[in-house]
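Following: one structure in structure tokens, then a few remarks.
Naming convention: chains lettered A, B, ... in sequence-line order (proteins, then strands); numbering from 1 in each chain. Note that these values count all heavy atoms, side chains included, but never hydrogens, waters or copies made by symmetry.
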Amino acid sequence: MNERLLLQLEIDQLNAAYAAALDERRFDDWPRFFLEDGRYTVQARENFDRKLPLALIALESQGMMKDRVYGITQTIYHGPYYTRHVLSPRAQLLGEEGGRIRAQAHYAVFRTRPGDASEVYNVGRYIDEIVRTPDGLKFASRSCVYDSEMVLNSLIYPI
Amino acid sequence: MNERLLLQLEIDQLNAAYAAALDERRFDDWPRFFLEDGRYTVQARENFDRKLPLALIALESQGMMKDRVYGITQTIYHGPYYTRHVLSPRAQLLGEEGGRIRAQAHYAVFRTRPGDASEVYNVGRYIDEIVRTPDGLKFASRSCVYDSEMVLNSLIYPI
Amino acid sequence: MNERLLLQLEIDQLNAAYAAALDERRFDDWPRFFLEDGRYTVQARENFDRKLPLALIALESQGMMKDRVYGITQTIYHGPYYTRHVLSPRAQLLGEEGGRIRAQAHYAVFRTRPGDASEVYNVGRYIDEIVRTPDGLKFASRSCVYDSEMVLNSLIYPI
């Protein structure tokens, strides 16, 4: 089997496991998908396309992610909602350099608030740098570049 | 090739064929995706997470499914609509026990009513027990666990 | 590895690359996904199911597609929007005849207008005839059969 395809399938698995962890609210598992100095950003496409640095969320280590999870689950007052990630197959491999695999995938996240119908919440593109570790593939960096310029007033949980 | 990956791909194919049958309204084909004593349930996540048994629909054999199809196509008065299933790759393998493969996949179903725009209809997760038979993979059990607590007044066709 | 699966994976890659080109607004790349005499149509499911020929858009060569791209990017006055394609895995192989592979895949396209939330835009099914060329897989024909009968007043970009 073509090695490139095999790698794509592995990345699809990584993406599926990541999505399942978030949608099942296993938030403590979330930082473990990243390297210890991994980077997680959520940025409007508008800014990304113009190479502007402004991001809605920018976390630069697992520690910051754990902090964020603590905030989400323990301290932030917010209306609860469920998320549901649906990803487009298949991760596209964009290149590889110095052991870092660059890949991207389209995502749609649906939100369901208690007593309400499900709705489109956030759609966009994951732009990733992925590294192979003894514990499997990990994100050195995951940028969630979302299409809607409208700043969401309730982007609580990770995308 | 890794056997686990191969199995995942087969399950993806099963899921794609299942979705196509429903969206193309080949409802008579639907029960054939299950074992003769296969189980099909549609349940709110709220109940599933709390391990409450209440389900919107619970069918416990191919016979009951055929009955349901007869109802849908011949007797139930309802406003017609199209469905469109979009599934997230890839089926996650959760384990295997006694020849039963446990897997899950995220789904989004869109609904289109005549003269109307398409809308988000039902999003959630398939939780499956799959068995290999001489006729290919079949569902011993498929639970559709949907995110919206709101009981839909028109869940006519299978999810 | 099963050759059929390998082909499916290749088609998934083709679909992912096609979707990325459109969503990243690389419209000039779009005609290159087709054969020189390739066919692209966008048709309501209503007409498709009844075998009626009426289509919203019907382009019968790469030249017509280039023309369309010129129109979209240079001359048509329209409100801009982003698109985001999310496809369901996996391409279903429907058959092969005389070197033409017939396949289909479900799609959901989300639209985001400036300053607005993302919304469901167009959902349906790609019905494809695919040919292997020295430059990789190409569409001999791609029909986008969409579920909503409502004619969209702003179907500007390709689906």
CA sep, side-chain torsions, deciding dist, call: B:His106, A:Phe110, side chain to side chain contact (heavy atoms under 4.5 Å, CB included): CA-CA 11 Å; B:His106 293 187; A:Phe110 300 90; over 6 Å; no
Worked check of side chain to side chain contact (heavy atoms under 4.5 Å, CB included) between B:Glu119 and A:Glu119: CA-CA 9 Å; B:Glu119 59 190 343; A:Glu119 59 189 344; over 6 Å; no
A:Leu9 CG to B:Asp12 CG distance, which is reported to the nearest 0.5 Å: 9.0 Å
Check against side chain to side chain contact (heavy atoms under 4.5 Å, CB included), A:Val86 and B:Val123: CA-CA 9 Å; A:Val86 175; B:Val123 305; over 6 Å; no
Which atoms of A:Ala105 approach chain B - backbone, side chain, both or neither, heavy atom under 4.5 Å: neither
Per-residue contact mode, B:Leu93 against chain A (heavy atom under 4.5 angstrom): neither
Portion of A:Ala108 that has a non-hydrogen atom of chain B nearer than 4.5 angstrom: neither
Inter-residue atom distance A:Asp23.CG - B:Gln104.CD, 0.5 Å rounding: 9.5 Å
B:Tyr146 side, atom OH; A:Ser118 side, atom OG - distance, nearest 0.5 Å: 10.5 Å
Distance in Å, B:Ser88 OG paired with A:Arg84 CZ, rounded so as to fall on 0.5 Å steps: 9.5 Å
Euclidean distance, B:Asp147 CG relative to A:Asp116 CG, rounded to 0.5 Å: 12.5 Å
Between B:Gln8 and A:Gln13, a side-chain donor and acceptor under 3.5 Å: yes
CD (B:Gln74) with more than 12 external heavy atoms under 6.0 Å: yes
Chain B contacts, top residue of A:Tyr82, A:Tyr107, A:Tyr81 (heavy-atom pairs, under 4.5 Å): A:Tyr82
